[in-house]
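The structure under discussion appears below in the form of structure tokens.
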Amino acid sequence: MSHINTKCLQAGYVPGDGEPRVMPIVQSTTYNYKSSEKLAQLFDLDAEGFFYTRLANPTVDFVEKKIAALEGGVGAMLCAAGQSASLMSVLNICRAGDHVVCASSIYGGTFNLFNRTMREMGIDFSFVDPDIAPAALDAAFRENTRAVFAETLSNPSLIVCDIEKFANAAHAHGVPLIVDNTFPTPVNCRPFEWGADIVIHSTSKYLDGHAVALGGVIVDGGKFDWKNGKFPGLTEPDETYHGTVFADKFGASAYIVKARAHLMRDLGAIMSPENAFLLNLGIETLFLRMERHVENAQAVAEFLESHPKVEFVRYPGLASDPYHALSEKYMPQGSCGVISFAVKGGREAAAKFMDSLELASQVVHVADCRTCVLHPASTTHRQLSDEQLRDAKIDPGLIRLSVGLEHISDILADLEQALAK
Ligand SMILES: *Cc1c(COP(=O)(O)O)cnc(C)c1O
């Protein structure tokens, strides 16, 4: 099983003789054992097995294995939402007093989490322009920097991250690069192939694709050397596990085993088995959906670009887009179905246009099979000041259009009639 399309359908759950063909939902919080000795081994991480669904559940486990296979990682951990994946991906290697270098063009929810909540926890962040020159990026690191964070394709500004630039800077300072790969999905970009160390997703978006289940995932690339003295959580004995040293005991999987054994145990933001089942159904058709999302979005971007009432269009698939070359490098099959654009007339014209749409719905969601629109400056990014909006490269009149899988002629007709108004 080497092609990603096949993995979408068949990786993870592999039934034996007489077992259900479709991955079952194991709706149980707990698991039966006949010996307290066996349970003790599980608690000490000396044996593998399920004992409590806050740590692991068979349905969740199958889907984690599938996503790890899609990204090319050594292991994955599903979370209740993308937000918990972002939180735990950093918290797993940072403590109060540590510092993170982060691209400024990240999703508004991630920005609040980092800039407010995690700052209050004592972790500091430096936000850098994603287009920063290598020398300036290098200068953003401090002695206490422990991670670099960026989005492959930023939500909603659609800036393509130069993954190799960020990975080289991170590795020169002995820290990992964490990449949020939500928008391209592993079908269109696999950041581990370009030097990223940890990949996260909001699975609520394309991976699910049908707007039915919130979720997040952390995937471990398994290549980073945690033993360089900067990551005591992985190299010093964990007394809550009788002195286990994660980097020694779990080698290439140390990061993801610690994320589960330590953070998921303590924070409990696990995905439910039913949501994992729904997510898996979505992933089965991910490769087909992404192809059509890209095809439809390209046609819509070209239509908008040539329309006299449109001020600007941002879509990496357009030859005129400033990130076209980076997109061709990291996402040769296309980026995603999301387009950012502005109509002439600013905020007011944007509202009029959006209220005139009939097929496309206004929802606080993106990357859905149905076409939808959102005005980031008044919704997902409304907590940001004008300066922070500028840093995140969001124009106040910017409209985020998530092109769905409907027939392209219906999508274009809807945009046409709304622009006419
Ligand atoms: C939506 C989103 C998140 C947050 O995920 P939730 O599942 O909504 O918690 C994180 N990163 C990106 C890029 C997103 O689009």
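No experiment lies behind these values; they were computed from the predicted model shown. In what follows, residues are counted from 1 in the order of the sequence shown. As the structure lists them, so they are numbered: ligands from 1, and atoms in each ligand from 1.
Between Phe183 and Tyr206, the ring planes lie perpendicular to each other; the angle is over 60°, past the 30° to 60° tilted range.
A heavy-atom distance below 4.5 Å is found between the side chains of Ile163 and Tyr330.
Side-chain atoms of Glu406 and Asn296 form no donor-acceptor pair, as typed in the model, at a separation below 3.5 Å. No hydrogens or angles considered: a donor-acceptor pair under 3.5 Å links the side chains of Asn181 and Thr152.
Separation of the Phe127 and Phe111 ring centroids falls under the 6.0 Å cut-off.
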What are the distances between nitrogen or oxygen atoms of ligand 1 and protein nitrogen or oxygen atoms, counting only those under 3.5 Å?
residue: ligand 1; atom: 5 (O); partner: Ser202; partner atom: OG; Å: 3.0
residue: ligand 1; atom: 7 (O); partner: Gly82; partner atom: N; Å: 2.9
residue: ligand 1; atom: 7 (O); partner: Ser202; partner atom: OG; Å: 2.8
residue: ligand 1; atom: 7 (O); partner: Ser204; partner atom: OG; Å: 2.6
residue: ligand 1; atom: 9 (O); partner: Gly82; partner atom: N; Å: 3.0
residue: ligand 1; atom: 9 (O); partner: Gln83; partner atom: N; Å: 2.9
residue: ligand 1; atom: 11 (N); partner: Asp180; partner atom: OD2; Å: 2.7
residue: ligand 1; atom: 15 (O); partner: Asn155; partner atom: ND2; Å: 2.9
residue: ligand 1; atom: 15 (O); partner: Lys205; partner atom: NZ; Å: 2.7

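The side chain to side chain donor-acceptor pair (under 3.5 Å) pairs that include a residue from residues 217-235 are Lys227-Asp248, where partners are two or more places apart or lie in different chains.
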